[in-house]
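For reference, the structure discussed in these notes is given below.
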Amino acid sequence: MMCAGKKSYFAAAVCILTVTSLLTVSYLKLQILSHYPKVIQEGRRCRGEIANSTITALKGNKTFIISPYFDDRESKVTRLIGIVHHEDVKQLYCWFCCQPNGKIYVSKAKIDVHSDRFGFPYGAADIVCLEPENCDPNHVSVHQSPHGNIDQLPRFEIKNRKAETFSVDFTVCISAMFGNYNNVLQFIQSVEMYKILGVQKVVIYKNNCSHLMEKVLKFYIEEGTVEIIPWPINSHLKVSSEWRFMQDGTHIGYYGQITALNDCIYRNMERSKFVVLNDADEIILPLKHPDWKTMMNSLQEKNPGTSVFLFENHIFPETVSTPMFNISFWNTVPGVNILQHVYREPDRKDVINPRKMIVDPRKVIQTSVHSVLRAYGNSVNVPMDVALIYHCRKALQSDLPRQSLIRDTTLWRYNSSLIMNVNKVLSQTKLKSETTFP
């Protein structure tokens with residue numbers, strides 16, 4: 001009534017702004033309250049089949065759950081790493097069963113589809129639910145409705161509930177091994193280089209690989225270096241081997257690489273001081289330090305408050321080789337011998353080289369392939385005179401003559417240790433005597 005009685009335009013404007021503000025605040029409060037957990041049942045035993053697959057499809061919903069993780073960096077939430085259709089999935093609810101009182105809580109999820117979807121209809125998503133204040137649930141179920149029977153829903157174990165001391169300094173995450181992968185020699189050389197540089201764990205999201213590659217993976221699993229995460233994404237979605245949508249009817253890019261990388265960060269958040277995000281044909285080579293530990297100590301000292309370190313990618317074409325290190329019995333093993341490829345392509349004019357990362361996983365919220373999307377702390381581009389990524393693959397500038405390439409033998413600093421270690425693996429896996437070619 002007071003507002004209605006005012007004659008001036010100024011008073012009317014103030015009135016409208018006041019009412020709008022009150023409505024906005026009320027709406028935001030309702031939104032916040034709608035996400036708070038609510039008790040819907042009591043006196044129940046926690047049933048439901050525990051999900052044991054890496055990728056679990058929710059019935060009747062274009063949603064796939066990878067794994068839930070406890071996250072208390074901002075508030076007490078369960079963050080589920082998943083894959084969703086970016087348009088069709090509108091509402092999801094977390095169902096928490098709390099023991100010993102048997103209370104069932106339902107919490108409306110915030111669905112955060114990652115921005116780097118590259119045009120595909122499905123993308124990586126964080127499904128974030130507030131947890132009950134007086135309960136630390138061990139499992140969570142996900143449903144498209146706040147109503148139903150929790151016993152009919154798969155239960156997912158919530159990881160990272162307990163803080164742990166770091167068991168390793170460096171974990172390398174290799175996403176989406178697919179296409180009957182058979183670059184056996186280069187894979188062994190990469191893993192042995194990682195170990196020389198200070199890596200204790202290599203996590204591989206494996207879709208498929210060759211029989212010979214399976215033998216190598218088995219060796220590294222038994223050694224304790226490699227952890228395999230099964231990645232049967234093509235059982236659920238039409239996958240593309242391209243990173244960008246090509247209007248070809250596929251659902252998700254590069255075998256769900258971005259989802260796998262995000263899961264790998266959270267999976268190793270409490271057990272690894274640093275997580276390294278690169279491919280199996282990439283090695284971050286220090287130029288001023290003997291290994292990654294001394295390099296990272298120096299970089300952290302010079303860049304306080306930094307949680308993401310980005311290293312520039314440089315192509316060493318596998319088509320340009322040197323006769324050095326032509327080791328005869330390596331020639332029977334499928335794959336590239338990186339010691340013979342020490343010519344790198346020069347920078348392209350007006351083209352920015354992509355980067356890969358070493359990150360503090362506890363400071364990362366969401367990542368893409370070449371940069372983080374959301375993180376606490378700063379990101380820094382590591383200068384090329386400190387380190388570069390040795391990336392031995394097919395040429396990007398295939399028309400360049402050999403004399404236009406840059407001879408860079410940084411890798412040879414490690415040749416003695418690398419040759420000895422690779423020979424040991426080939427001998428113990430009996431690949432030394434194999435004559436099977438790809």
Side-chain angles (χ1 to χ4, degrees), residues 170-175 177 179 181-204 206 209-210 212-226 228 276-287 290-292 311 313-344 356 387-395 407-434 436-438:
F170 293 95
T171 297
V172 172
C173 293
I174 296 175
S175 65
M177 178 179 281
Y181 184 89
N182 197 44
N183 192 353
V184 178
L185 181 59
Q186 186 171 358
F187 177 85
I188 294 171
Q189 291 174 325
S190 290
V191 173
E192 293 306 319
M193 276 300 302
Y194 298 154
K195 289 160 63 178
I196 290 168
L197 292 166
V199 170
Q200 295 97 344
K201 183 68 71 175
V202 178
V203 180
I204 300 170
K206 181 174 76 74
C209 63
S210 71
L212 279 181
M213 194 66 225
E214 289 283 8
K215 287 184 68 173
V216 173
L217 292 176
K218 183 175 183 291
F219 167 81
Y220 280 122
I221 292 167
E222 292 173 353
E223 183 187 67
T225 301
V226 163
I228 294 294
V276 185
L277 305 177
N278 64 217
D279 295 334
D281 57 359
E282 297 172 328
I283 303 166
I284 297 173
L285 284 180
L287 276 71
D291 52 39
W292 286 354
F311 299 83
N313 194 301
H314 288 271
I315 305 298
F316 289 71
E318 60 186 34
T319 51
V320 181
S321 62
T322 171
M324 293 286 289
F325 302 107
N326 184 17
I327 300 169
S328 58
F329 57 80
W330 286 10
N331 294 332
T332 63
V333 182
V336 174
N337 175 5
I338 61 175
L339 285 171
Q340 291 191 285
H341 302 281
V342 291
Y343 290 88
R344 61 177 165 86
K356 294 297 178 70
L388 59 79
I389 295 178
Y390 174 94
H391 190 182
C392 186
R393 49 155 288 171
K394 66 180 181 181
R407 190 170 185 269
D408 184 340
T409 59
T410 305
L411 184 66
W412 287 358
R413 290 163 45 192
Y414 305 93
N415 75 80
S416 297
S417 298
L418 182 59
I419 291 169
M420 180 178 66
N421 293 356
V422 170
N423 285 344
K424 179 183 173 184
V425 175
L426 294 178
S427 176
Q428 293 188 0
T429 56
K430 297 183 171 54
L431 291 186
K432 210 169 176 179
S433 57
E434 297 256 6
T436 306
F437 287 86

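Along the sequence shown, the residues carry numbers beginning at 1.
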Worksheet item: Can you name the closest pair of heavy atoms from Tyr414 and Pro286 and give their distance?
Response: OH-CD, 3.8 Å
Fill in: Student check: side-chain heavy atoms of Glu223 and Lys195 closer than 4.5 Å
yes
Practice prompt. Using a 4.5 Å cut-off on heavy atoms from C-beta on, say whether the side chain of Val191 contacts that of Val216.
Written response: no
Worksheet entry | Counterpart residues, side-chain contact (heavy atoms from CB on, under 4.5 Å), relative to Ile419 (two or more places apart) | Phe325, Ile327, Trp330, Leu339, Asn415, Asn423
Worksheet entry | For the student: nearest non-hydrogen atoms of Ile389 and Phe316, plus distance | O-CE1, 4.5 Å
Item to complete: Quick one: closest heavy-atom pair of Ile315 and Ala395, and the distance?
Response: CG2-CA, 4.5 Å
Worksheet item: Tell me, do Lys215 and Val184 make a side-chain contact under 4.5 Å, heavy atoms counted?
Response: no
Practice prompt. Can you tell me which residue pairs pass the salt bridge (charged side-chain N to carboxylate O under 4.0 Å, His left out) test with a partner in residues 414-424, sequence neighbours excluded?
Written response: none
Practice prompt. Could you please spell out the steps behind the side chain to side chain contact (heavy atoms under 4.5 Å, CB included) verdict for Arg393 and Asp279?
Written response: CA-CA 11 Å; Arg393 49 155 288 171; Asp279 295 334; over 6 Å; no
Discussion item. Working to the nearest 0.5 angstrom, can you tell me the gap between Cys392 SG and Leu411 CG?
Written reply: 9.0 Å
Worksheet item: Would a 4.5 Å heavy-atom cut-off, applied to side chains only, mark Val202 and Tyr220 as touching?
Response: no
Practice prompt. Could you walk me through whether Leu212 and Leu431 pass side chain to side chain contact (heavy atoms under 4.5 Å, CB included), step by step?
Written response: CA-CA 8 Å; Leu212 279 181; Leu431 291 186; 3.3 Å; yes
Worksheet item: When rounded to the nearest 0.5 angstrom, what is the spacing between CD in Glu318 and CD in Gln186?
Response: 7.5 Å
Worksheet entry | Point-to-point distance, once rounded to the nearest 0.5 Å, from CG of Asn183 to OG of Ser210 | 9.5 Å
Item to complete: Could you check His391 against Asn278 for side chain to side chain contact (heavy atoms under 4.5 Å, CB included), going step by step and ending with a plain yes or no?
Response: CA-CA 10 Å; His391 190 182; Asn278 64 217; over 6 Å; no
Worksheet item: Are side-chain heavy atoms of Val320 and His341 found at a separation under 4.5 Å?
Response: no
Response to the item:
Contacts of Lys206 meeting salt bridge (charged side-chain N to carboxylate O under 4.0 Å, His left out) (sequence neighbours excluded), chain-then-number -> Glu214
Item to complete: Could you tell me which residues satisfy side-chain contact (heavy atoms from CB on, under 4.5 Å) with Val342, sequence neighbours excluded, listed by chain and number?
Response: Thr322, Thr409, Trp412
Worksheet entry | Val422 and Leu185, any side-chain heavy atoms less than 4.5 Å apart | yes
Worksheet item: About how many Å separate CG of Leu418 and CZ of Arg413, when rounded to the nearest 0.5 Å?
Response: 13.5 Å
Response to the item:
What one should report as the nearest heavy-atom pair of Gln200 and Gly198 is OE1-O, 3.3 Å
Worksheet entry | Contacts of Glu282 that satisfy salt bridge (charged side-chain N to carboxylate O under 4.0 Å, His left out) - sequence neighbours left out | Lys356
Worksheet item: How far apart are the C-alpha atoms of Leu277 and Cys173, what are their side-chain angles, what is the distance that settles it, and do they pass the side chain to side chain contact (heavy atoms under 4.5 Å, CB included) test?
Response: CA-CA 5 Å; Leu277 305 177; Cys173 293; 3.8 Å; yes
Worksheet item: Excluding sequence neighbours, so at least two apart, what forms side chain to side chain donor-acceptor pair (under 3.5 Å) with Asp408?
Response: Arg344, Thr410
Worksheet entry | Between CE on residue Met324 and CG on residue Asn337, distance to nearest 0.5 Å | 11.5 Å
Discussion item. Quick check for you: to the nearest 0.5 Å, what is the distance between Asn313 atom CG and Tyr390 atom OH?
Written reply: 12.0 Å
Discussion item. Is any side-chain heavy atom of Ile204 closer than 4.5 Å to one of Val226?
Written reply: yes
Fill in: Close side-chain approach of Tyr194 and Val276, heavy atoms under 4.5 Å
no
Fill in: Shortest non-hydrogen contact between Leu388 and Leu287, atoms and distance
N-CD1, 3.9 Å
